[in-house]
2 protein chains.
Amino acid sequence: MQTDRQKEIISVSLDLISEKGIQGLTIKNLAQRIGITEPAIYRHYENKIQILLAILEVFRKNTVLVFDQEVGLKGTAIEKIEHIFKNQFRILAETPQLVAVIFSEEIFRNEPLLMERIGAIMDQINQAISGILKEGQERKEIRSDVGASHLAIMIMGGLRLFVKRWQMKDFAFDLIAEGASFLQTVKKIISKTQ
Amino acid sequence: MQTDRQKEIISVSLDLISEKGIQGLTIKNLAQRIGITEPAIYRHYENKIQILLAILEVFRKNTVLVFDQEVGLKGTAIEKIEHIFKNQFRILAETPQLVAVIFSEEIFRNEPLLMERIGAIMDQINQAISGILKEGQERKEIRSDVGASHLAIMIMGGLRLFVKRWQMKDFAFDLIAEGASFLQTVKKIISKTQ
DNA sequence: TGGAAGTTAGTTAATATATACTAACTTTGT
DNA sequence: ACAAAGTTAGTATATATTAACTAACTTCCA
């Protein structure tokens with residue numbers, strides 16, 4: 001359902017965003033990088049918003065879907081959170097272009113459709129994490145002295161800021177290795193003390 | 001050192017950013033809102049970057065300076081964190097326009113000067129919080145089973161995401177009240193269990 | 001089976017609009 | 001009277017998008 005050229009457009013778009021920020025994603029830059037003219041882009045996507053929506057879809061596939069899948073699996077809440085973190089770090093290490101998309105809320109402010117879409121994605125992420133934590137609380141794996149939704153905010157907020165720092169340091173440290181260390185802290189924090 | 005008109009330009013800029021995102025901050029919008037013409041803006045600021053730098057300065061005054069001041073005071077680490085959170089929630093509730101600035105990293109990507117400035121601010125915040133936590137660990141007020149810098153990331157990340165959600169819900173809930181509740185969670189998480 | 005018709009993916013050229021910024025002149029307040 | 005702060009009218013550049021056209025294919029049917 002996605003042609004090769006469409007895939008190429010999205011892939012190059014991610015590169016541009018990652019290199020120069022969202023401001024670097026212009027039809028001109030896009031066409032130039034691919035090696036076709038600007039109007040040719042419109043043979044493959046109706047307009048720029050459709051391209052941005054496709055980018056958000058890549059992001060969704062790499063986060064929400066992975067999260068939701070995790071919720072249904074067996075295993076302790078801690079194991080699930082561990083899986084999610086490791087997956088997330090692995091995906092971002094493989095595709096650092098996505099980092100800019102994670103923090104794209106402010107950029108899409110002018111397009112209601114994009115705003116709504118990203119809001120929905122963030123809600124879904126929060127619900128998935130909250131759900132895992134609540135189940136963990138019932139099973140006495142996760143501390144119950146604090147609300148699951150507050151814990152979820154701290155977990156996701158911590159993950160986001162951790163990744164942001166990696167980006168701001170030009171991806172200079174090993175996200176997977178340092179991330180594993182950070183994950184240990186998260187696990188200690190959410191675990192029930194015995 | 002700042003004229004009335006300069007203050008007005010910054011204040012209106014913050015309004016515009018808060019309403020329509022950074023993309024809404026154009027010289028045209030700015031002039032229109034103030035009720036003067038575009039060239040008149042340049043009587044007060046050399047160029048747009050100077051305006052953005054002044055905005056970052058407002059942000060810095062409301063975060064880093066407040067944080068640093070807190071570090072030097074007496075009181076437990078928990079009390080200091082509590083102060084910082086409450087101050088932060090109060091400032092943002094009074095000046096919701098600042099929320100957009102907190103998350104402006106992605107927007108300033110094209111301007112190296114602005115990027116550097118915001119990176120420095122984020123580092124300073126992290127150092128202030130880390131410092132408070134480390135002292136708290138030495139005094140056995142803060143849990144020592146996890147690193148202070150990891151804790152700092154979770155605290156700031158949580159705070160940021162909490163505020164982001166407030167913004168995405170159009171400032172619909174009471175930040176100060178809900179924030180106080182969130183703060184309780186943060187306090188429990190960083191405290192030494194007795 | 002071979003030509004008419006249609007499709008795909010590209011081109012060049014142009015358009016409308018937005019944006020930051022400037023030059024030259026005018027108003028205004030002390 | 002003069003400097004600060006304003007105006008009008010303009011520039012250069014960027015940006016998304018459209019119009020008109022073309023070369024190279026695929027499909028369809030007499």
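In the text below, chain A, chain B and the rest are named by the order of the sequence lines, each starting its count at 1. All of these numbers come straight from a predicted model, not from anything done at the bench.
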Between C:dT15 (C1') and A:E38 (CD): distance, integer Å: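 It is 13 Å, rounded to the nearest whole Å.
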
message: Using the rule given for side-chain hydrogen bond (donor to acceptor under 3.5 Å, both in side chains), can you reason through A:Q6 versus A:H44, listing the C-alpha separation, both sets of side-chain angles and the distance that settles it, and then say yes or no?
response: CA-CA 6 Å; A:Q6 280 179 322; A:H44 306 279; 6.0 Å; no

- request: Measure from the ring center of A:F89 to the ring center of A:F162 and say whether it is less than 6.0 Å.
  value: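 Yes - the distance between ring centres of A:F89 and A:F162 falls below the 6.0 Å cut-off.
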
message: Please report the interatomic distance OG(A:S13) to OH(A:Y45), rounded to the nearest 0.5 Å.
response: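 Rounded to the nearest 0.5 Å, the OG-OH separation comes out at 8.0 Å.
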
query: Looking just at side-chain N and O atoms, do B:K134 and B:Q137 make a donor-acceptor pair shorter than 3.5 Å?
result: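 The criterion, which ignores hydrogens and geometry beyond distance, is not satisfied for B:Q137 and B:K134.
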
query: Are any non-hydrogen side-chain atoms of B:K80 and B:E135 less than 4.5 angstrom apart?
result: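 SC-SC contact between B:K80 and B:E135 confirmed.
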
Rounded to 10 degrees, the angle between the two terminal axes of the helix from C:dT1-D:dA30 to C:dT30-D:dA1, each from five pairs: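 Rounded to the nearest 10 degrees, the bend comes out at 20°.
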
task: Verify the contact: side-chain N or O of B:T37 to OP1 or OP2 of D:dT7, cut-off strictly under 4.0 Å; return yes or no.
output: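 Yes.
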
query: Got a donor-acceptor contact below 3.5 angstrom from the A:D174 side chain to the A:I176 backbone?
result: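 Looks like yes, one N/O pair under 3.5 Å.
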
- prompt: Is a side-chain N or O of A:E178 found less than 3.5 angstrom from the main chain of A:L175, in a donor-acceptor match?
  reply: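 Between the backbone of A:L175 and the side chain of A:E178 there is no qualifying donor-acceptor contact (under 3.5 Å).
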
Members of residues 5-36 of chain A that approach DNA chain C, where some heavy atom sits under 4.0 Å away: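 Within this stretch, A:R5, A:I36 sit under 4.0 Å of the strand.
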
message: I'd like to know if B:L53 and B:L30 are part of one continuous hydrophobic network [Ile/Leu/Val/Met/Phe/Trp/Tyr, side-chain heavy atoms within less than 4.5 Å].
response: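 Linked, B:L30 and B:L53 end up in one cluster.
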
Residues touching DNA chain D, which here means a heavy atom under 4.0 Å, drawn from residues 41-59 of chain B: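 B:R43, B:H44 - these, ordered by number, are the residues of the stretch whose heavy atoms sit under 4.0 Å from the strand.
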
message: To check you understand the geometry: which heavy-atom pair defines the closest contact between B:F67 and B:A128, and what is its length?
response: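 For B:F67 versus B:A128, the nearest heavy atoms are CB-CB, 4.0 Å.
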
query: So does A:K48 pair up with A:E111, basic N to acidic O under 4.0 Å?
result: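 Salt bridge: no.
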
